[in-house]
Amino acid sequence: MTTIVAIHVAVATAAILLGAAILLMRRGTSRHRWAGRLWVSAMTATATTSFGIRELGHGNLSWLHALSVYVLVGLALAVLAIRRGDVMAHRRQMMGLFTGLVIAGVAAVAVPGRTLSSAFAQMWHHDARPVAVMGGSEAGGAQQ
């Protein structure tokens, strides 16, 4: 796993955990606002680090990077909404962004051949190389 992917996974994981915690806390409190600021920071870092991951575009940006732009715009709109006092628009935007983050995380791990699914497969099999990564010429077993 490259450094940029590791950073991306770390900030995305932080965003998922913070988002879940925010969903459980009382809204409108100073604790909620500070956790929200941290979440926006984690989401911003998640979206911006994605531009360094280019496996789908063979070194170029892919359609997934358009989603990162959407996230950055959505975060700005959500912050503007709450500053204007539009709680419902803020809530809809934040819930949509959090839901998208969770779906993207599941997809990144579940889709075979992606960096994260390969990394998790290697960890799960105690550093065994998945057959797809090895080109299918060898059986996937623990390497000695």
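- Distance alone, capped at 3.5 Å, is enough to place a donor-acceptor pair between the Trp39 side chain and the Ala15 backbone.
- The nearest pair of heavy atoms linking Ile4 to Thr49 is CG1-O, 3.7 Å.
- If you chain together hydrophobic residues whose side chains sit under 4.5 Å apart, Met95 and Leu75 fall into the same group.
- Ring orientation note: the planes of His65 and Phe51 are close to parallel, at an angle under 30° on the 30°/60° scale.
- Here CE of Met94 is found 10.5 Å from CG of Leu77. Values are rounded to the nearest 0.5 Å.
- The line from CD1 of Ile82 to CD of Gln93 is 12.0 Å long, rounded to the nearest 0.5 Å.
- One N or O on the side chain of His90 and one on the backbone of Ala78 form a donor-acceptor pair closer than 3.5 Å.
- Going from atom NE2 of His8 over to atom CD1 of Ile53 covers 4.5 Å, rounded to the nearest 0.5 Å.
- A pairwise comparison of heavy atoms in Val71 and Ala47 identifies CG1-CB, 4.1 Å as the closest pair.
- Taken together through direct or relayed side-chain contacts under 4.5 Å among Ile, Leu, Val, Met, Phe, Trp and Tyr, Leu23 and Leu38 form part of one hydrophobic cluster.
- By the rule that hydrophobic residues join a cluster once side-chain heavy atoms approach within less than 4.5 Å of another member, Ile22 and Val102 end up as members of one cluster.
- Listed for the Arg33 side chain is a donor-acceptor partner under 3.5 Å among the backbone atoms of Gly28.
- One distance of note links CG of Leu80 with CG of Asp86; it measures 11.0 Å at 0.5 Å rounding.
- Side-chain N or O atoms of Arg31 include none that pairs as donor or acceptor with a backbone N or O of Arg27 at under 3.5 Å.
- Partner of Thr13 under the side chain to side chain contact (heavy atoms under 4.5 Å, CB included) criterion, out of Val9, Ile16, Val11: Val9 alone.
- Remark: Thr29 OG1 to Trp34 CH2 distance equals 13.0 Å, nearest 0.5 Å.
- In plain terms, the two heavy atoms of Leu97 and Met43 that are nearest each other are O-CE, 4.0 Å.
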